[in-house]
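Worksheet: the structure to be examined is printed underneath.
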Amino acid sequence: MNFATKVGQLQRLLEGTLLPLINNDYVLLDVPYYNNIGDVLIWQGTHDLLKQSKHKCLMSASKDTWNYGKLDSDIIILLQGGGNFGDLWIQHQDFRNKIIEKYPNNKIIILPQTIFYNDKNRMLADACLMACHRNLHICARDMRSYELLKQYFSKNQLYLLPDMAFCISSKLLDKYRVGSQNKTLLLMRADKELAEKEYFQYIKKVVEVEQHDWPSYEYTTPCMLNFYRLMRRRKYLGRLVDIYADRILRLDMVRLGVQFVSSYSYVYTTRLHVAILSSILHKSYCLFDNSYGKNRQFYDTWLKDMEEIRFIE
């Protein structure tokens with residue numbers, strides 16, 4: 001299957017499942033006010049899908065700017081998708097649980113997530129908490145996560161869906177895309193999800209590559225710097241911080257990511273969203289697994305029929 005066919009297929013699956021679920025006005029929470037371009041790509045895909053809904057986004061906010069105010073019971077709460085459901089990135093799970101406890105009468109939709117726990121007791125506690133919510137919908141991002149949900153979170157309504165970044169508008173991609181040069185990228189993440197493997201050193205011996213992480217981790221753009229200043233004053237600025245993030249920061253981060261990846265002729269990546277961005281840019285790549293199998297599971301669930309993608313165990 002080629003890139004255009006695959007991306008269109010995954011977009012239609014997301015639209016066909018989620019748009020009917022979002023049957024009233026909504027808020028979008030836990031959006032990424034930080035410098036991980038991959039998470040911002042998820043946010044952008046969510047934003048572009050929601051533009052097709054006839055219902056309104058009343059506001060968006062991060063875990064640090066949401067004020068836990070009263071919501072009418074007919075307002076839907078959407079929680080950002082990604083790879084932070086579980087106990088690896090605990091601050092996001094704690095926020096998610098607090099929202100579920102605080103708003104028992106609102107429909108809550110957790111957008112596509114990879115599920116991973118080191119501590120089974122923590123997983124059972126989270127499953128018990130979520131089972132008490134009468135209208136909680138959880139979307140898994142890969143088959144292993146979906147099977148885990150079916151086993152332990154069966155009281156909730158469950159879905160298997162791809163990553164929201166596949167819904168990024170092609171017009172936006174074309175706006176920021178640059179011509180590829182004759183160079184190869186080795187994208188090496190530098191956090192606790194990196195799998196320590198000798199093959200990264202092997203690649204650098206046999207292929208001439210430029211090694212980087214996301215550019216937002218290597219330098220700070222003026223837009224990011226302005227946003228950090230606003231965040232320090234968020235107690236006084238209120239909704240202005242969320243408005244700046246939604247209208248300026250999000251697009252600046254997407255621009256940075258698209259220009260970065262599109263400038264390479266071939267990509268080796270340890271980050272899932274460099275792979276997803278390469279897919280929607282129709283760029284061939286090689287994907288490595290992360291520390292707990294997230295990339296492998298996503299590849300096996302959605303991408304293994306792609307001829308232009310290689311996966312290295």
Side-chain angles (χ1 to χ4, degrees), residues 7-33 39-82 84-85 92 95-113 130 133-141 149 153 156-173 238-251 253-254 280:
V7 172
Q9 179 189 82
L10 298 182
Q11 285 178 347
R12 289 189 294 273
L13 179 57
L14 286 161
E15 293 163 0
T17 305
L18 292 174
L19 289 175
L21 277 179
I22 304 168
N23 56 359
N24 213 325
D25 293 348
Y26 56 89
V27 295
L28 175 61
L29 304 183
D30 201 22
V31 292
Y33 290 2
D39 287 355
V40 179
L41 294 173
I42 297 172
W43 182 14
Q44 182 65 48
T46 304
H47 175 273
D48 289 347
L49 179 141
L50 293 173
K51 286 196 295 187
Q52 302 178 49
S53 173
K54 62 182 180 180
H55 302 289
K56 294 181 181 178
C57 181
L58 303 177
M59 70 175 296
S60 58
S62 74
K63 64 180 179 59
D64 299 313
T65 60
W66 179 246
N67 63 9
Y68 297 95
K70 179 176 170 53
L71 287 178
D72 292 341
S73 60
D74 61 345
I75 294 174
I76 298 171
I77 300 172
L78 304 179
L79 289 166
Q80 162 98 354
N84 55 37
F85 190 120
H92 293 280
F95 175 77
R96 192 174 294 118
N97 288 349
K98 192 171 180 179
I99 292 294
I100 291 167
E101 287 185 295
K102 174 72 176 178
Y103 301 101
N105 299 315
N106 296 79
K107 177 191 278 189
I108 298 177
I109 303 173
I110 300 174
L111 296 171
Q113 283 275 354
M130 294 184 186
H133 196 284
R134 68 183 72 180
N135 199 2
L136 176 61
H137 303 252
I138 310 175
C139 303
R141 197 169 61 171
L149 289 178
F153 296 78
N156 305 118
Q157 299 185 62
L158 309 176
Y159 310 83
L160 175 63
L161 291 171
D163 190 90
M164 296 299 299
F166 281 102
C167 288
I168 295 176
S169 161
S170 59
K171 290 183 179 180
L172 186 66
L173 295 172
R239 285 281 293 136
L240 286 175
V241 175
D242 296 309
I243 293 169
Y244 184 92
D246 184 56
R247 298 182 183 177
I248 300 175
L249 178 71
R250 170 171 49 81
L251 289 173
M253 294 283 278
V254 173
I280 59 181

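Applying side-chain contact (heavy atoms from CB on, under 4.5 Å) to Val27 and the options Leu79, Leu71, Ile76 leaves one that passes, Leu71.
Using a 3.5 Å distance cut-off with no hydrogens or angles, the side chains of Asn23 and Lys107 do pair a donor with an acceptor. Judged by distance alone, the side chains of Glu101 and Asn97 never bring a donor and an acceptor atom under 3.5 Å apart. Side-chain atoms of His137 and Tyr159 include a donor-acceptor pair closer than 3.5 Å.
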- prompt: How far apart are the C-alpha atoms of Met253 and Leu41, what are their side-chain angles, what is the distance that settles it, and do they pass the side chain to side chain contact (heavy atoms under 4.5 Å, CB included) test?
  reply: CA-CA 8 Å; Met253 294 283 278; Leu41 294 173; over 6 Å; no

message: Before you tell me yes or no, could you show the steps for Asp163 and Arg141 under salt bridge (charged side-chain N to carboxylate O under 4.0 Å, His left out), namely the whole-Å CA-CA distance, both residues' side-chain angles and the distance that decides it to 0.1 Å?
response: CA-CA 6 Å; Asp163 190 90; Arg141 197 169 61 171; 2.8 Å; yes

query: Would Ile138 and Phe85 count as a side chain to side chain contact (heavy atoms under 4.5 Å, CB included) if you check the C-alpha gap in whole Å, the side-chain angles of each, and the deciding distance to 0.1 Å?
result: CA-CA 10 Å; Ile138 310 175; Phe85 190 120; 4.1 Å; yes

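A donor-acceptor pair is defined here as one N or O able to donate and one able to accept, closer than 3.5 Å; such a pair exists between the side chain of Asn156 and the backbone of Met130. Under the 3.5 Å distance criterion, the side-chain polar atoms of Asp72 are left unmatched by any main-chain donor or acceptor of Asp74.
In this structure the side chain of Met164 reaches within 4.5 angstrom of the side chain of Leu18, judged on heavy atoms. Two residues are said to be in side-chain contact when any heavy atoms from C-beta on lie closer than 4.5 Å; Leu14 and Pro112 meet this criterion. Considering only heavy atoms from C-beta on, Tyr33 comes within 4.5 Å of Trp43 through its side chain. Proximity of Ile99 to Asn106: side-chain heavy atoms (C-beta onward) are nowhere separated by under 4.5 Å.
The side-chain hydrogen bond (donor to acceptor under 3.5 Å, both in side chains) check on Arg12 picks up nothing, with sequence neighbours excluded.
Between the CG atom in Asp242 and the OG atom in Ser62 there is a gap of 6.5 Å [rounded to 0.5 Å]. Note: Leu50 CG to His55 NE2 = 11.0 Å, rounded to the nearest 0.5 Å. Taken from CG in Asn84 to CD in Gln113, the straight-line distance is 4.5 Å, to the nearest 0.5 Å. With rounding to the nearest 0.5 Å, the separation of CG in Leu19 from CD in Gln52 is 5.5 Å. If you take NZ on Lys56 and CD1 on Ile75, they are separated by 12.0 Å, rounding to the nearest 0.5 Å. Taken to the nearest 0.5 Å, the CZ atom of Phe166 stands 10.0 Å off from the CD atom of Gln9.
Taking each heavy atom of Ser60 and Arg239 in turn, the nearest pair found is O-NH1, 3.5 Å. The minimum heavy-atom distance linking Thr17 with Pro20 is given by the pair O-CD, 3.6 Å. Scanning all heavy atoms of the two residues, the minimum distance from Gln80 to Leu111 falls at C-CB, 4.3 Å. Minimum heavy-atom separation, Asp30 to Lys63: OD1-CB, 3.7 Å. Nearest heavy atoms, Gly82 versus Ile42: CA-CD1, 3.5 Å. Pairing each heavy atom of Asp48 with each of Cys167, the nearest pair is CB-O, 3.3 Å.
Open room surrounds CZ on Arg134; 12 or fewer heavy atoms of other groups in view lie less than 6.0 Å from it. For NZ of Lys171, the number of neighbouring non-hydrogen atoms (other residues, nucleotides, ligands) closer than 6.0 Å is 12 at most.
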